[in-house]
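Single-structure report; data block below.
Each chain gets a letter, A, B and so on, in the order the sequences are listed, and its residues count up from 1. Only heavy atoms go into these numbers, but all of them, side chains included; no hydrogens, no water, no symmetry mates. Because the structure is a prediction, the values reported are computed rather than measured.
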Number of protein chains: 2
Amino acid sequence: MTTSDVEHGTRRGRSARQAERLARGLETLPYLTRKLAPVEVISTEGLETIEHNADTLLEEVGIEIVNYPEAVEIFRSAGADADGMRVRFPRGLCRSLINASAPRSFTQHARNEARSVVIGDPHMVLVPTYGSPFIHNLDDGRRYATIEDFRSFVKLTYTSRTLHHGGGTLCEPVDLPVNKRHFEMVYSHIRYSDRAFMGSVTHPSRAQDSVEMARIVFGAERMERDHVIMGLANANSPMSWDFNMLGSAKAYASANQIMLITPFILGGAMAPVTVAAQATQTLAEALAGMAFCQIVRPGAPVIFGSFASSMSMQTGAPTFGTPEPQLVLFVLAALARRLGVPFRSGGNFTASKLPDYQAAYESAVSYMATMQAGVNFNLHTAGWLEGGLAVGYEKFILDEDQCGMAGTFVKGVDLSENGQAMDALTTNGPGNHFMGHPHTLRNFETAFYRSTTANNDSYEQWLEQGGLDAAQRATAAWKKRLAEYEAPPIDPGVDEALLDYIARRKAAFPDSDV
Amino acid sequence: MTTSDVEHGTRRGRSARQAERLARGLETLPYLTRKLAPVEVISTEGLETIEHNADTLLEEVGIEIVNYPEAVEIFRSAGADADGMRVRFPRGLCRSLINASAPRSFTQHARNEARSVVIGDPHMVLVPTYGSPFIHNLDDGRRYATIEDFRSFVKLTYTSRTLHHGGGTLCEPVDLPVNKRHFEMVYSHIRYSDRAFMGSVTHPSRAQDSVEMARIVFGAERMERDHVIMGLANANSPMSWDFNMLGSAKAYASANQIMLITPFILGGAMAPVTVAAQATQTLAEALAGMAFCQIVRPGAPVIFGSFASSMSMQTGAPTFGTPEPQLVLFVLAALARRLGVPFRSGGNFTASKLPDYQAAYESAVSYMATMQAGVNFNLHTAGWLEGGLAVGYEKFILDEDQCGMAGTFVKGVDLSENGQAMDALTTNGPGNHFMGHPHTLRNFETAFYRSTTANNDSYEQWLEQGGLDAAQRATAAWKKRLAEYEAPPIDPGVDEALLDYIARRKAAFPDSDV
């Protein structure tokens, strides 16, 4: 199913067959299914307190709607109190609007139906990182991203064995004018991949273009029924939503498409420093955003998102891999389950500038919490560097590999007869190894998660192979993947229609960098 | 309290005072206290199944006792069935022996009473890595360890802000004869640190020497009452214990000292490949080892240990940071709670040869599980590289730093009035940042876990400071710590008595490398 295999071609005869058998266990799943119960870090009573406090915030402070009187009217029409730009919500209003129509779970259809994803419990969809203006790799160091980089990350995501969704702004193609980037980004997702993807949200008209391009691929009639494109809106925390975000949300929701509603909180700056307060504010802001979509079009799918980071109290810089944001993540996942909508948070986060020890440690801590909390849609699974300012080619490969462990982890402990293995335990005898035992051989293909980037060889073997560190090995891996990439097929008529749409729209207004 | 501060001396005036205030929050705690409930991955019914299966193993297969007829007799005296080297246990015998006398929790006293540690729920004691014949650092690469390296790791542990216990064989001083290394190792722990520590277990006579040296420091009378030294015994999995291990266990237990009983299992080799089977076998082997100590001396403290790694099914090499060993860890922590003894497992494990992305990712995954599972004594918290074959100087610094996050994590979510921060949330207003809010200022010193090795600066600042990766920054840190090290005081009479004991014992038998 995938087009590359780092180890392919290096083995012969018996070991080649063995490698092939092992590779079968690595086939891409369209998404993961959780058997392990999510980790809970606070009591039901604690969650109720946070819900109560969020309602107090919505009732007393309310949400400021910046430059978007129409959104104030939309909220008012559903029972909110409007006072100029400020909208206040009677207790429970947002929750009841969401509960009345937002789906607990839904399918985002991909161009290749085999790659459609189900978003909601008990599933987990892994998605590459989003929004970086820079790229980093060992050859170039750090530099501004281009549309060619964007295409490369589409291709790496398309050929990934562990990611499930194409993502959105895989990097910012800063070589293109700001107001026309979205055409090339959406086109790249459609043309160079067949996975589900995300459209633009930097202006409502660009959100609308994204939806129109999806209509060319999926058909207008089908899009009234099926969800095929997603937008991501971030609140202007604290307690504020603006025209670009809610206007884009309206474009997606009114077309029955998916909105990911994510307060983006740097604790201590956009919210108080404590875990409970960050969870409270995130819940309040997200409730308002999700309710907005349900008022615009009841039943349009929404995802409750959270992005929370800590910060250095000395410099104000965002910090990652610290314990507080993981606790925020666990709390919000539990709140999303109580609300009954899919949850997005987490990823492989770091403040490091390169794929070093810091980058990996911070990423792994964040990702362990992501795996455990019950996240349904994991934006930022692979590539994130430098607090999101850069996406790394090596980082992408390394994260993409490690995130595969979630497939095993979320399955939990197998207590079947084979899992208990009492036949093996009672017949093997003291002091004898299990390497050749029938139970071991029976489980050979699926036993133990296998990383493709980790080196587990002896020191001497490793040295003989060049003594490379993980990032250096990853350089070879991403180059090989891009070299071997083959585009998925596309209906030539659809391709032509897309290119025609883009050409017409680009000609309709001048380039601009705002 | 600690003698070094990486950032000390680089700040002036206001920022120096700020740094000092922040540093207060970094003072060493003698050990951590958990408020967060441990993570559970299987049901009570599942745990009962594993307990039942372990009893079946002990009853039907039993334990082979290699080269130690006296241990067979000891087991027989308590009700086990002996058949040559094989000892079989009636269902429930081991558990009832342990329940009858093993403490749920106990104190290991340090030479400096302020550094004594409580081992058992709800506490967590962090301990450096154990047993590596090689060291690694960026200057030397990888080479055999010496007694000078051993002393360096004693000093780094003594000056650590986040580790709580001195550990044992911090590295193997392979420049000394095998049969006399223990004298210098135990002496180094006593002389260059004042933390609690572990003695030798490579032969019962060396265990006895370790206990005798502790008697010189703490007094024979006190040692009948207090626990001041610990030994670590690994089973010869599957289902076998030998003379060196049980003989050493007898030396410690009969002196009322602490035994850490740890089956060391490479899944697929020393046990079947499945999680449940590895947990079952670990429980059976540990039950036998802990019961042995309770027969030798009822009430002598024991710790239920588990070391479980996965392996590469292609090469047989041990692998780390994979999901299966984390699941084993969670299951065994739960089994230890049910048994009612302290639990040891986890650490910062990796198969990587150097402190790179692989090393950090694997370590962090292992350590997150360690933090969450309810581990009470965490051997291998800092330094581990190359599957334990090497201890890294930079790895030690990086792990030691990251492991500090457990202090925050295990406290869980603060739902106090200050934690809820409703005053801040309701008075701040939409769109305004919280940087200068009274709530933020009130929580300034304790808000957010602070890593001392992570770089959170801007790319430009980071580049200006040399563009170093985390490992390179850690090189400067360990060198500075060692350069600034000052030994704790010791009673000259005690020191003289120790040196005299060592000189007499060393002269009593020839050097040997077995």
Winner by heavy-atom pair count (cut-off under 4.5 Å) against chain A, out of B/Met435, B/Met85, B/Met239, B/Gln472: B/Met435
Any A/Phe444 side-chain heavy atom under 4.5 Å of B/Gln314 side chain: no
For chain B, the option from A/Asn418, A/Val66, A/Leu327, A/Val275 that forms the most heavy-atom pairs under 4.5 Å: A/Leu327
Region of B/Asp469 that comes under 4.5 Å of a non-hydrogen atom in chain A: both
Interface moiety of B/Gln372 toward chain A, non-hydrogen atoms closer than 4.5 Å: side chain
Contact origin within A/Met311 toward chain B - heavy atom pairs under 4.5 Å: both
Those residues that, when tested against A/Phe409, pass ring pair (Phe, Tyr, Trp, His ring centres under 6.0 Å) (two or more places apart): none
Interface residue of largest heavy-atom contact number with chain B, from A/Thr322, A/Asn443, A/Leu57, under 4.5 Å: A/Leu57
Flag side-chain contact, heavy atom, 4.5 Å: B/Leu385 against A/Tyr459: no
Distance (rounded to the nearest 0.5 Å) between A/Phe448 CZ and B/Ser309 OG: 7.5 Å
A/Phe434/B/Gln281 under side chain to side chain contact (heavy atoms under 4.5 Å, CB included): CA gap, chis, key distance, verdict: CA-CA 12 Å; A/Phe434 286 82; B/Gln281 186 182 307; 3.9 Å; yes
Rounded distance (nearest 0.5 Å) linking atom CD of B/Glu45 with atom CG of A/Leu415: 9.0 Å
OH on B/Tyr361 to OG1 on A/Thr453, rounded to 0.5 Å: 10.0 Å
Which portion of B/Met270 sits near chain A, non-hydrogen atoms under 4.5 angstrom: backbone
Which portion of A/Ala454 sits near chain B, non-hydrogen atoms under 4.5 angstrom: both
Close side-chain approach of A/Asp356 and B/Asp356, heavy atoms under 4.5 Å: no
Top contributor to chain A contacts, counting heavy-atom pairs under 4.5 Å, from B/Ala277, B/Ala424, B/Pro318, B/Ser458: B/Ala277
Any donor-acceptor N/O pair, A/Glu60 side chain to B/Thr426 backbone, under 3.5 Å: no
Evaluation steps, side chain to side chain contact (heavy atoms under 4.5 Å, CB included), between A/Thr274 and B/Gln420: CA-CA 7 Å; A/Thr274 58; B/Gln420 292 185 47; over 6 Å; no
Max heavy-atom pair count under 4.5 Å with chain A, selected residue of B/Gly412, B/Ala421, B/Pro355: B/Pro355
Structural part of A/Glu394 lying under 4.5 Å from a heavy atom of chain B: neither
Max heavy-atom pair count under 4.5 Å with chain B, selected residue of A/Lys411, A/His437, A/Lys395: A/Lys395
Residue part contacting chain A, namely of B/Asn432, when any heavy atom lies under 4.5 Å: backbone
Among A/Ala271, A/Ala37, A/Ser240, A/Ser312, residue most engaged with chain B (heavy-atom pairs, under 4.5 Å): A/Ala271
Min side-chain heavy-atom separation B/Glu362-A/Asn456 under 4.5 Å: yes
A/Val331 versus chain B, the contacting section by heavy-atom distance below 4.5 Å: side chain
Greatest number of heavy atom pairs closer than 4.5 Å to chain B - which of A/Ala447, A/Gly419, A/Ala317: A/Gly419
Any side-chain heavy-atom pair of B/His439 and A/Val273 under 4.5 Å: yes
Any side-chain heavy-atom pair of B/Pro430 and A/Arg86 under 4.5 Å: yes
Between B/Val365, B/Thr408, B/Val41, the one whose heavy-atom pairs under 4.5 Å with chain A are most numerous: B/Val365
Top contributor to chain A interface from B/Ser416, B/Ala474, B/Gly467, B/Ser363 [non-hydrogen pairs under 4.5 Å]: B/Ser363
B/Gln358 and A/Arg473: CA distance, side-chain angles, deciding distance, side chain to side chain contact (heavy atoms under 4.5 Å, CB included) verdict: CA-CA 11 Å; B/Gln358 177 186 348; A/Arg473 296 192 296 271; 2.8 Å; yes
B/Tyr357/A/Ile397 under side chain to side chain contact (heavy atoms under 4.5 Å, CB included): CA gap, chis, key distance, verdict: CA-CA 11 Å; B/Tyr357 201 91; A/Ile397 294 292; over 6 Å; no
Within-4.5 Å side-chain heavy-atom neighbours: B/Lys353 and A/Asn455: yes
B/Glu386 portion near chain A, given a 4.5 angstrom heavy-atom threshold: side chain
Segment of B/Leu36 engaging chain A (4.5 angstrom heavy-atom cut-off): side chain
Interface moiety of B/Pro325 toward chain A, non-hydrogen atoms closer than 4.5 Å: neither
Any residue meeting side chain to side chain contact (heavy atoms under 4.5 Å, CB included) with A/His52, in chain and number order, not counting sequence neighbours: A/Thr56, A/Arg91
Whether A/Glu324 side chain and B/Tyr449 backbone form a donor-acceptor pair below 3.5 Å: yes
Part of B/Glu40 within contact of chain A (heavy atom distance under 4.5 Å): neither
Region of B/Phe330 in contact with chain A, defined by heavy-atom distances below 4.5 Å: side chain
Close side-chain approach of B/Thr440 and A/Met313, heavy atoms under 4.5 Å: yes
Note: B/Glu460-A/Arg142 ion pair, threshold 4.0 Å (strictly below): yes
Residue part contacting chain B, namely of A/Ile42, when any heavy atom lies under 4.5 Å: side chain
B/Ala359 portion near chain A, given a 4.5 angstrom heavy-atom threshold: both
Toward chain B, the part of A/Thr280 with a non-hydrogen atom under 4.5 Å: side chain
Top of B/Asn236, B/Asn348, B/Leu398 for chain A proximity - count of heavy-atom pairs under 4.5 angstrom: B/Leu398
Under 4.5 Å from a heavy atom of chain A, the part of B/Val39 involved: side chain
Closest-packed option against chain B by number of heavy-atom pairs under 4.5 Å, given A/Gln278, A/Gln402, A/Met371, A/His433: A/Gln402
